Q: 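Following this message is one structure expressed as C-alpha coordinates.
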2 protein chains.
Amino acid sequence: MDNLDRGILDLLRQNARAGYGDIGGVVGLSASAVKRRVDKLVADRVIRGFTIQVDPAIDGMSTEAYVELFCRGTVAPEELLRILSGVPEVVDAGTVTGSADAIVHIRARDISGLEAALEKVRLAPNVDHTRSAIVLSRLIHRAAE
Amino acid sequence: MDNLDRGILDLLRQNARAGYGDIGGVVGLSASAVKRRVDKLVADRVIRGFTIQVDPAIDGMSTEAYVELFCRGTVAPEELLRILSGVPEVVDAGTVTGSADAIVHIRARDISGLEAALEKVRLAPNVDHTRSAIVLSRLIHRAAE
DNA sequence: CTCGGAATGGACAATCTAGACCGCGGCATT
DNA sequence: AATGCCGCGGTCTAGATTGTCCATTCCGAG
(Lines give C-alpha, C1' and ligand atoms only; values in the text may rest on other atoms or scores of the structure.)
Protein backbone atom coordinates (compact mmCIF):
# COMPACT_ATOMS: atom_id res chain seq x y z
CA MET A 1 0.00 0.00 0.00
CA ASP A 2 2.09 2.89 -1.26
CA ASN A 3 1.52 6.07 -3.18
CA LEU A 4 1.14 4.17 -6.43
CA ASP A 5 -1.72 2.16 -4.94
CA ARG A 6 -3.29 5.33 -3.62
CA GLY A 7 -3.04 6.92 -7.05
CA ILE A 8 -4.68 3.89 -8.62
CA LEU A 9 -7.47 3.99 -6.04
CA ASP A 10 -8.06 7.68 -6.74
CA LEU A 11 -8.32 7.06 -10.46
CA LEU A 12 -10.61 4.09 -10.01
CA ARG A 13 -12.83 6.10 -7.71
CA GLN A 14 -13.30 8.61 -10.49
CA ASN A 15 -13.81 6.01 -13.18
CA ALA A 16 -13.88 2.36 -12.26
CA ARG A 17 -13.91 1.41 -15.93
CA ALA A 18 -10.66 3.09 -16.84
CA GLY A 19 -8.38 0.70 -18.68
CA TYR A 20 -5.21 -0.56 -17.02
CA GLY A 21 -3.18 1.12 -19.70
CA ASP A 22 -4.83 4.47 -19.09
CA ILE A 23 -4.28 4.20 -15.35
CA GLY A 24 -0.69 3.21 -15.90
CA GLY A 25 -0.19 6.21 -18.13
CA VAL A 26 -1.17 8.51 -15.28
CA VAL A 27 0.57 6.83 -12.36
CA GLY A 28 3.60 5.76 -14.38
CA LEU A 29 3.29 1.99 -14.62
CA SER A 30 2.67 -0.50 -17.39
CA ALA A 31 -0.76 -2.03 -17.87
CA SER A 32 0.31 -5.35 -16.43
CA ALA A 33 1.81 -3.77 -13.33
CA VAL A 34 -1.44 -1.89 -12.76
CA LYS A 35 -3.47 -5.04 -13.18
CA ARG A 36 -1.32 -6.89 -10.68
CA ARG A 37 -1.77 -4.12 -8.15
CA VAL A 38 -5.51 -3.89 -8.72
CA ASP A 39 -5.86 -7.67 -8.40
CA LYS A 40 -3.93 -7.52 -5.14
CA LEU A 41 -6.05 -4.66 -3.83
CA VAL A 42 -9.16 -6.69 -4.58
CA ALA A 43 -7.68 -9.84 -3.03
CA ASP A 44 -6.70 -7.90 0.09
CA ARG A 45 -10.24 -6.51 0.26
CA VAL A 46 -8.97 -2.95 0.09
CA ILE A 47 -11.23 -2.63 -2.92
CA ARG A 48 -14.55 -3.99 -1.73
CA GLY A 49 -16.20 -3.95 -5.10
CA PHE A 50 -16.89 -2.17 -8.33
CA THR A 51 -20.19 -0.40 -8.47
CA ILE A 52 -22.16 2.37 -10.09
CA GLN A 53 -23.61 5.61 -8.82
CA VAL A 54 -27.28 5.79 -9.69
CA ASP A 55 -29.43 8.89 -9.89
CA PRO A 56 -31.12 9.01 -6.45
CA ALA A 57 -34.35 10.08 -8.15
CA ILE A 58 -34.69 6.51 -9.40
CA ASP A 59 -35.18 5.09 -5.94
CA GLY A 60 -37.39 7.96 -4.94
CA MET A 61 -35.36 9.32 -2.07
CA SER A 62 -34.48 12.50 -3.83
CA THR A 63 -35.12 15.23 -1.30
CA GLU A 64 -32.14 16.00 0.86
CA ALA A 65 -30.92 18.58 3.29
CA TYR A 66 -27.84 19.37 5.29
CA VAL A 67 -28.91 20.49 8.75
CA GLU A 68 -26.78 22.30 11.28
CA LEU A 69 -27.70 21.41 14.82
CA PHE A 70 -27.35 23.90 17.64
CA CYS A 71 -27.71 22.57 21.17
CA ARG A 72 -28.17 24.17 24.55
CA GLY A 73 -25.11 23.92 26.75
CA THR A 74 -22.76 21.04 26.21
CA VAL A 75 -24.08 17.84 24.73
CA ALA A 76 -22.15 14.61 24.75
CA PRO A 77 -21.74 12.91 21.35
CA GLU A 78 -23.41 9.84 22.83
CA GLU A 79 -26.50 11.90 23.56
CA LEU A 80 -26.64 13.17 19.99
CA LEU A 81 -26.16 9.67 18.69
CA ARG A 82 -29.10 8.45 20.77
CA ILE A 83 -31.29 11.19 19.36
CA LEU A 84 -30.30 10.78 15.75
CA SER A 85 -30.32 7.01 15.52
CA GLY A 86 -34.05 7.15 16.05
CA VAL A 87 -34.52 9.01 12.78
CA PRO A 88 -34.08 6.69 9.82
CA GLU A 89 -33.94 9.56 7.35
CA VAL A 90 -30.59 10.59 8.81
CA VAL A 91 -28.01 9.32 6.37
CA ASP A 92 -24.94 10.83 7.84
CA ALA A 93 -24.11 12.87 10.92
CA GLY A 94 -21.14 14.07 12.90
CA THR A 95 -20.13 16.59 15.49
CA VAL A 96 -18.17 19.40 13.92
CA THR A 97 -15.97 22.37 14.58
CA GLY A 98 -17.49 25.81 14.17
CA SER A 99 -20.55 27.40 15.67
CA ALA A 100 -22.86 24.45 15.04
CA ASP A 101 -22.64 21.41 17.27
CA ALA A 102 -23.33 18.88 14.57
CA ILE A 103 -24.16 18.53 10.91
CA VAL A 104 -26.82 16.07 9.87
CA HIS A 105 -27.42 14.85 6.34
CA ILE A 106 -31.06 13.90 5.84
CA ARG A 107 -32.59 12.14 2.84
CA ALA A 108 -36.33 11.79 2.46
CA ARG A 109 -38.87 10.98 -0.21
CA ASP A 110 -40.16 14.53 -0.54
CA ILE A 111 -40.33 17.85 1.22
CA SER A 112 -42.96 16.73 3.70
CA GLY A 113 -40.88 13.68 4.55
CA LEU A 114 -37.98 16.00 5.12
CA GLU A 115 -40.06 18.21 7.36
CA ALA A 116 -41.23 15.24 9.40
CA ALA A 117 -37.68 14.02 9.88
CA LEU A 118 -36.56 17.49 10.90
CA GLU A 119 -39.38 17.68 13.39
CA LYS A 120 -38.22 14.45 14.99
CA VAL A 121 -34.72 15.84 15.34
CA ARG A 122 -35.95 19.12 16.76
CA LEU A 123 -38.16 17.40 19.32
CA ALA A 124 -35.11 15.98 21.04
CA PRO A 125 -34.20 17.64 24.33
CA ASN A 126 -31.20 19.95 24.31
CA VAL A 127 -31.66 20.78 20.66
CA ASP A 128 -31.94 24.54 20.66
CA HIS A 129 -32.46 25.20 16.98
CA THR A 130 -31.48 23.98 13.54
CA ARG A 131 -30.47 25.59 10.29
CA SER A 132 -31.27 23.69 7.13
CA ALA A 133 -29.83 23.91 3.65
CA ILE A 134 -32.09 22.02 1.28
CA VAL A 135 -30.31 20.41 -1.64
CA LEU A 136 -31.46 21.92 -4.93
CA SER A 137 -29.44 19.84 -7.32
CA ARG A 138 -27.13 17.04 -6.45
CA LEU A 139 -23.73 17.45 -8.08
CA ILE A 140 -21.63 14.60 -6.77
CA HIS A 141 -22.80 11.41 -5.19
CA ARG A 142 -19.93 9.00 -4.77
CA ALA A 143 -21.64 7.07 -2.03
CA ALA A 144 -22.22 3.46 -2.94
CA GLU A 145 -25.62 2.48 -1.63
CA MET B 1 -36.62 2.81 -18.16
CA ASP B 2 -38.18 -0.63 -17.87
CA ASN B 3 -37.54 -3.83 -15.99
CA LEU B 4 -34.62 -4.71 -18.24
CA ASP B 5 -32.92 -1.44 -17.33
CA ARG B 6 -33.60 -2.07 -13.67
CA GLY B 7 -32.12 -5.52 -13.93
CA ILE B 8 -29.03 -4.12 -15.60
CA LEU B 9 -28.70 -1.47 -12.88
CA ASP B 10 -28.98 -4.11 -10.18
CA LEU B 11 -26.27 -6.22 -11.76
CA LEU B 12 -23.99 -3.24 -12.28
CA ARG B 13 -24.51 -2.19 -8.68
CA GLN B 14 -23.21 -5.56 -7.62
CA ASN B 15 -20.35 -5.64 -10.10
CA ALA B 16 -19.70 -2.67 -12.32
CA ARG B 17 -17.01 -4.60 -14.18
CA ALA B 18 -19.30 -7.34 -15.40
CA GLY B 19 -19.00 -7.79 -19.15
CA TYR B 20 -21.91 -6.88 -21.39
CA GLY B 21 -22.22 -10.48 -22.43
CA ASP B 22 -22.48 -11.69 -18.84
CA ILE B 23 -25.14 -9.11 -18.04
CA GLY B 24 -27.03 -10.03 -21.17
CA GLY B 25 -26.94 -13.68 -20.17
CA VAL B 26 -28.76 -12.85 -16.93
CA VAL B 27 -31.32 -10.34 -18.18
CA GLY B 28 -31.84 -12.05 -21.53
CA LEU B 29 -30.28 -9.69 -24.05
CA SER B 30 -27.34 -9.77 -26.39
CA ALA B 31 -24.12 -8.02 -25.46
CA SER B 32 -24.69 -5.14 -27.83
CA ALA B 33 -28.25 -4.58 -26.68
CA VAL B 34 -26.93 -4.35 -23.12
CA LYS B 35 -24.22 -1.95 -24.21
CA ARG B 36 -26.75 0.25 -25.96
CA ARG B 37 -28.88 0.39 -22.84
CA VAL B 38 -25.93 1.07 -20.56
CA ASP B 39 -24.71 3.83 -22.88
CA LYS B 40 -28.18 5.34 -22.84
CA LEU B 41 -28.40 5.12 -19.05
CA VAL B 42 -25.08 6.92 -18.82
CA ALA B 43 -26.13 9.53 -21.38
CA ASP B 44 -29.39 10.12 -19.51
CA ARG B 45 -27.40 10.45 -16.28
CA VAL B 46 -29.30 7.65 -14.62
CA ILE B 47 -25.87 6.09 -14.13
CA ARG B 48 -23.80 8.90 -12.68
CA GLY B 49 -20.50 7.09 -12.80
CA PHE B 50 -18.54 3.93 -12.21
CA THR B 51 -16.64 3.75 -8.97
CA ILE B 52 -15.13 1.46 -6.37
CA GLN B 53 -15.91 0.79 -2.74
CA VAL B 54 -12.77 1.08 -0.67
CA ASP B 55 -12.25 -0.31 2.80
CA PRO B 56 -12.30 2.89 4.88
CA ALA B 57 -10.13 1.40 7.61
CA ILE B 58 -7.32 0.27 5.32
CA ASP B 59 -7.58 3.30 3.19
CA GLY B 60 -7.51 5.52 6.26
CA MET B 61 -9.81 8.15 4.81
CA SER B 62 -11.07 9.19 8.18
CA THR B 63 -10.80 12.95 8.14
CA GLU B 64 -13.92 14.67 6.93
CA ALA B 65 -15.39 18.09 6.56
CA TYR B 66 -18.58 19.73 5.41
CA VAL B 67 -17.66 22.76 3.35
CA GLU B 68 -19.98 25.58 2.40
CA LEU B 69 -19.09 27.09 -0.96
CA PHE B 70 -19.71 30.74 -1.70
CA CYS B 71 -19.37 31.84 -5.31
CA ARG B 72 -19.14 35.18 -7.03
CA GLY B 73 -22.19 36.05 -9.06
CA THR B 74 -24.28 33.22 -10.42
CA VAL B 75 -22.67 29.89 -11.14
CA ALA B 76 -24.33 27.21 -13.19
CA PRO B 77 -24.59 23.82 -11.48
CA GLU B 78 -22.78 22.33 -14.48
CA GLU B 79 -19.83 24.58 -13.80
CA LEU B 80 -19.68 23.49 -10.17
CA LEU B 81 -19.97 19.88 -11.23
CA ARG B 82 -17.03 20.26 -13.58
CA ILE B 83 -14.93 21.75 -10.83
CA LEU B 84 -15.85 19.25 -8.15
CA SER B 85 -15.65 16.09 -10.20
CA GLY B 86 -11.94 16.69 -10.54
CA VAL B 87 -11.45 16.34 -6.81
CA PRO B 88 -11.68 12.69 -5.78
CA GLU B 89 -11.89 13.58 -2.09
CA VAL B 90 -15.34 15.07 -2.70
CA VAL B 91 -17.77 12.43 -1.53
CA ASP B 92 -20.98 14.31 -1.87
CA ALA B 93 -22.00 17.74 -3.09
CA GLY B 94 -25.08 19.68 -4.03
CA THR B 95 -26.30 23.18 -4.58
CA VAL B 96 -28.42 24.32 -1.66
CA THR B 97 -30.85 26.90 -0.42
CA GLY B 98 -29.56 29.47 2.02
CA SER B 99 -26.66 31.86 1.87
CA ALA B 100 -24.15 29.30 0.62
CA ASP B 101 -24.21 28.23 -3.01
CA ALA B 102 -23.27 24.64 -2.39
CA ILE B 103 -22.32 22.22 0.33
CA VAL B 104 -19.49 19.80 -0.29
CA HIS B 105 -18.73 16.77 1.82
CA ILE B 106 -15.01 15.97 1.69
CA ARG B 107 -13.22 12.92 2.99
CA ALA B 108 -9.44 12.81 3.09
CA ARG B 109 -6.69 10.76 4.62
CA ASP B 110 -5.71 13.36 7.17
CA ILE B 111 -5.84 17.07 7.85
CA SER B 112 -3.24 17.88 5.25
CA GLY B 113 -5.11 15.81 2.67
CA LEU B 114 -8.21 17.76 3.59
CA GLU B 115 -6.35 21.02 3.15
CA ALA B 116 -5.06 19.93 -0.25
CA ALA B 117 -8.54 18.96 -1.42
CA LEU B 118 -9.93 22.24 -0.15
CA GLU B 119 -7.21 24.08 -1.98
CA LYS B 120 -8.20 22.37 -5.22
CA VAL B 121 -11.80 23.44 -4.73
CA ARG B 122 -10.81 27.00 -3.87
CA LEU B 123 -8.58 27.32 -6.91
CA ALA B 124 -11.62 27.03 -9.13
CA PRO B 125 -12.73 30.27 -10.76
CA ASN B 126 -15.84 31.93 -9.31
CA VAL B 127 -15.32 30.38 -5.90
CA ASP B 128 -15.27 33.37 -3.60
CA HIS B 129 -14.69 31.72 -0.27
CA THR B 130 -15.49 28.60 1.71
CA ARG B 131 -16.52 27.82 5.26
CA SER B 132 -15.50 24.46 6.62
CA ALA B 133 -16.86 22.43 9.48
CA ILE B 134 -14.43 19.65 10.28
CA VAL B 135 -16.01 16.48 11.57
CA LEU B 136 -14.91 15.73 15.11
CA SER B 137 -16.72 12.46 15.67
CA ARG B 138 -18.87 10.57 13.26
CA LEU B 139 -22.26 9.74 14.72
CA ILE B 140 -24.26 8.14 11.95
CA HIS B 141 -23.01 6.57 8.76
CA ARG B 142 -25.83 4.73 7.06
CA ALA B 143 -24.64 5.07 3.49
CA ALA B 144 -21.55 3.12 2.53
CA GLU B 145 -19.82 6.23 1.35
C1' DC C 1 30.15 -7.99 -4.19
C1' DT C 2 26.76 -11.50 -4.74
C1' DC C 3 22.49 -13.52 -3.86
C1' DG C 4 17.41 -13.90 -3.52
C1' DG C 5 12.95 -12.11 -3.66
C1' DA C 6 9.73 -8.87 -5.27
C1' DA C 7 8.15 -5.98 -8.76
C1' DT C 8 8.33 -4.36 -13.53
C1' DG C 9 7.80 -4.16 -18.58
C1' DG C 10 7.08 -6.45 -22.90
C1' DA C 11 4.88 -10.00 -25.73
C1' DC C 12 1.17 -12.66 -27.08
C1' DA C 13 -3.27 -15.18 -27.20
C1' DA C 14 -7.90 -14.96 -25.56
C1' DT C 15 -11.49 -12.05 -24.64
C1' DC C 16 -14.29 -8.06 -24.77
C1' DT C 17 -15.84 -3.66 -26.58
C1' DA C 18 -17.46 -0.29 -30.00
C1' DG C 19 -19.71 0.50 -33.98
C1' DA C 20 -21.79 -0.67 -38.45
C1' DC C 21 -25.32 -3.20 -40.59
C1' DC C 22 -29.62 -5.67 -41.07
C1' DG C 23 -34.22 -7.38 -39.69
C1' DC C 24 -38.43 -7.30 -37.01
C1' DG C 25 -42.60 -5.20 -35.12
C1' DG C 26 -45.40 -1.14 -33.79
C1' DC C 27 -47.37 3.20 -35.32
C1' DA C 28 -49.01 7.01 -37.97
C1' DT C 29 -50.14 8.47 -42.54
C1' DT C 30 -52.16 7.84 -46.99
C1' DA D 1 -54.09 -2.54 -46.71
C1' DA D 2 -49.82 -0.50 -48.14
C1' DT D 3 -46.12 2.63 -47.09
C1' DG D 4 -42.49 4.78 -44.66
C1' DC D 5 -40.54 5.83 -40.18
C1' DC D 6 -38.72 4.77 -35.74
C1' DG D 7 -37.21 2.18 -31.85
C1' DC D 8 -35.11 -1.96 -30.45
C1' DG D 9 -32.70 -6.25 -30.81
C1' DG D 10 -29.32 -9.64 -33.09
C1' DT D 11 -25.10 -10.64 -35.71
C1' DC D 12 -20.66 -9.58 -37.38
C1' DT D 13 -16.01 -7.51 -37.50
C1' DA D 14 -12.10 -4.61 -36.47
C1' DG D 15 -9.76 -2.84 -32.84
C1' DA D 16 -8.77 -2.38 -28.05
C1' DT D 17 -8.24 -4.57 -23.60
C1' DT D 18 -7.32 -8.17 -20.53
C1' DG D 19 -4.95 -12.07 -18.57
C1' DT D 20 -0.74 -14.56 -18.41
C1' DC D 21 3.76 -15.81 -19.57
C1' DC D 22 8.84 -14.85 -18.91
C1' DA D 23 13.22 -12.26 -18.94
C1' DT D 24 14.99 -8.22 -16.73
C1' DT D 25 15.62 -4.79 -13.20
C1' DC D 26 15.64 -3.09 -8.65
C1' DC D 27 16.63 -3.32 -3.78
C1' DG D 28 17.96 -4.95 0.64
C1' DA D 29 20.44 -8.64 3.24
C1' DG D 30 24.35 -11.11 4.10
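Computed from heavy atoms alone, side chains included, the values below leave out hydrogens, waters and symmetry copies. This one's a predicted model, so the numbers in the text were calculated from it and none came from an experiment. Sequence lines set the chain letters: A, B, ... in the order given, protein chains first and strands last, and positions in each chain run from 1.
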Q: Would you mind telling me which of D:dC8, D:dC22, D:dT18 lies closest to the side-chain atoms of A:Arg36?
A: D:dC22
Q: What residues form a salt bridge (Lys or Arg N to Asp or Glu O under 4.0 Å) with A:Arg138, not counting sequence neighbours?
A: A:Glu64, B:Asp92
Q: Holding to side-chain hydrogen bond (donor to acceptor under 3.5 Å, both in side chains), I want the full list of residues that pass it with B:Ser132, two or more places apart in sequence or in another chain.
A: none
Q: Checking contacts here: which listed nucleotide (C:dA20, D:dG19, C:dA18) is nearest the side-chain heavy atoms of B:Lys35?
A: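 Comparing C:dA20, D:dG19, C:dA18 against the side chain of B:Lys35, the answer is C:dA18.
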Q: Could you tell me how far apart B:Arg37 (CZ) and C:dA18 (P) are, to the nearest whole angstrom?
A: 17 Å
Q: Partners of A:Asp55 by salt bridge (Lys or Arg N to Asp or Glu O under 4.0 Å), sequence neighbours excluded?
A: B:Arg48
Q: On DNA chain D, does the nearest nucleotide to B:Arg17 precede the nearest nucleotide to B:Leu4 from the 5' side, or the other way round? Give the residue.
A: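 Mapping each residue to its closest nucleotide by heavy atoms, the 5'-most match is B:Leu4.
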Q: Heavy atoms within less than 4.0 Å of DNA chain C: which residues of residues 21-33 of chain B have one? Give them sorted by number.
A: B:Ser32
Q: Applying a strict under-4.5 Å side-chain criterion to I, L, V, M, F, W and Y, I'd like to know whether B:Val46 and B:Leu11 cluster together.
A: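 Yes, B:Val46 and B:Leu11 fall within the same hydrophobic cluster.
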Q: Who pairs with A:Asp110 by salt bridge (Lys or Arg N to Asp or Glu O under 4.0 Å), at least two apart in sequence or on another chain?
A: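 Once residues adjacent in sequence are excluded, A:Asp110 has no partner under the salt bridge (Lys or Arg N to Asp or Glu O under 4.0 Å) criterion.
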Q: Decide whether B:Ile8 and B:Val26 are clustered together by the hydrophobic rule: side chain heavy atoms of Ile, Leu, Val, Met, Phe, Trp, Tyr closer than 4.5 Å, transitively.
A: yes
Q: What's the CD1-C1' distance between A:Ile8 and C:dT8, to the nearest Å?
A: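 Taking CD1 of A:Ile8 and C1' of C:dT8, I get 12 Å after rounding.
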Q: Residues in salt bridge (Lys or Arg N to Asp or Glu O under 4.0 Å) with B:Arg131, at least two apart?
A: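 For B:Arg131 the salt bridge (Lys or Arg N to Asp or Glu O under 4.0 Å) partners, ignoring immediate neighbours, are B:Glu68.
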Q: Can you sort out the partners of A:Asp2 under side-chain hydrogen bond (donor to acceptor under 3.5 Å, both in side chains), two or more places apart, ordered by chain and number?
A: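 A:Asp2 satisfies side-chain hydrogen bond (donor to acceptor under 3.5 Å, both in side chains) with A:Arg37 only.
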Q: Just jot down the side-chain hydrogen bond (donor to acceptor under 3.5 Å, both in side chains) partners of A:Arg72, sequence neighbours excluded, or say none.
A: A:Asp128
Q: Going by ring-ring contact (aromatic ring centres under 6.0 Å, His included), name the pairs with one or both residues in residues 106-129 of chain A, residues two or more places apart or in two chains.
A: A:Phe70-A:His129
Q: Between the two ends of the helix from C:dC1-D:dG30 to C:dT30-D:dA1, what is the bend in degrees, rounded to 10 degrees, where each end axis spans five pairs?
A: 30°
Q: Mind checking what makes side-chain hydrogen bond (donor to acceptor under 3.5 Å, both in side chains) contact with B:Asp39, not counting sequence neighbours?
A: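 Listed in chain order: B:Lys35.
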Q: For the side chain of A:Tyr20, starting at C-beta, report the closest nucleotide among C:dA20, C:dT8, D:dT18.
A: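 So the side chain of A:Tyr20 is nearest to D:dT18.
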Q: Of all of residues 38-45 of chain B, which get a heavy atom below 4.0 angstrom from DNA chain D, listed by number?
A: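 Heavy-atom cutoff 4.0 Å gives no residues at all.
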